[in-house]
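Reading through the structure tokens given below for one structure.
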Amino acid sequence: MVAGFGQSVAHLVAGPAQDLVWKQRRAGWESALRDADIEPDQGLSVDVSDAEFHSHVPGMRLLRLAKPPTAIFAASDALARCLYHAAKFV
């Protein structure tokens, strides 16, 4: 978890919350936060729809917040690539 690198929280980008694999990855994110004595905040997560899955749009939503995150946990390699591409537009 990024807490060891000076971060106190990491936002989450994951697929549709109703799918089992994304539920499991969200549970892992929540568990890692709790292990670092940080209570998970569902306001720090973005669920990506199937239509947005290969788009930079979800990342743009996070990166354009008034107070953008300093750390983001991408629940898959595909979502990490999308976040990388979104960062180019900010």
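In what follows, residues are counted from 1 in the order of the sequence shown.
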Q: Given side-chain contact (heavy atoms from CB on, under 4.5 Å), test L44 with L12 step by step and report yes or no.
A: CA-CA 6 Å; L44 299 178; L12 169 72; over 6 Å; no
Q.
My understanding is that only residues two or more places apart in sequence, or in another chain, count here; which of them pass side-chain contact (heavy atoms from CB on, under 4.5 Å) with K88?
A.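 In terms of side-chain contact (heavy atoms from CB on, under 4.5 Å), with neighbours along the sequence ignored, K88 is linked to Y84, H85.
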Q: Only counting residues at least two apart or in another chain, list the ones meeting side-chain contact (heavy atoms from CB on, under 4.5 Å) with L63.
A: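 Only I72, A86, A87, V90 meet the side-chain contact (heavy atoms from CB on, under 4.5 Å) criterion with L63.
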Q: Say whether M60 and L83 are linked into one hydrophobic cluster, either directly or through other cluster members, by side-chain heavy-atom distances under 4.5 angstrom.
A: yes
Q: Please answer: with hydrophobic residues joined when any side-chain heavy atoms are less than 4.5 Å apart, are L65 and V13 in the same cluster?
A: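 Yes.
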If you look only at distance, which donor and acceptor atoms sit under 3.5 Å apart when one is on a side chain in residues 14-28 and the other is two or more places apart or in another chain?
unit_1, atom_1, unit_2, atom_2, d
R25, NH1, A75, O, 2.3
R26, NH1, Q42, OE1, 3.1
R26, NH1, S45, OG, 3.0
R26, NH2, D47, OD1, 2.2

**Q.** Partners passing salt bridge (Lys or Arg N to Asp or Glu O under 4.0 Å) against R64 (at least two apart in sequence or in another chain)
**A.** none
Q. Residues in salt bridge (Lys or Arg N to Asp or Glu O under 4.0 Å) with R81, at least two apart?
A.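 Scan of R81 (salt bridge (Lys or Arg N to Asp or Glu O under 4.0 Å), adjacent residues dropped) gives none.
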Hey, can you pull the donor-acceptor pairs under 3.5 Å for the side chains in residues 34-41, sequence neighbours left out?
unit_1, atom_1, unit_2, atom_2, d
D41, OD1, G43, N, 2.7

Q) For the residue pair F73 and H11, is the inter-centroid distance of their aromatic rings smaller than 6.0 Å? A) no
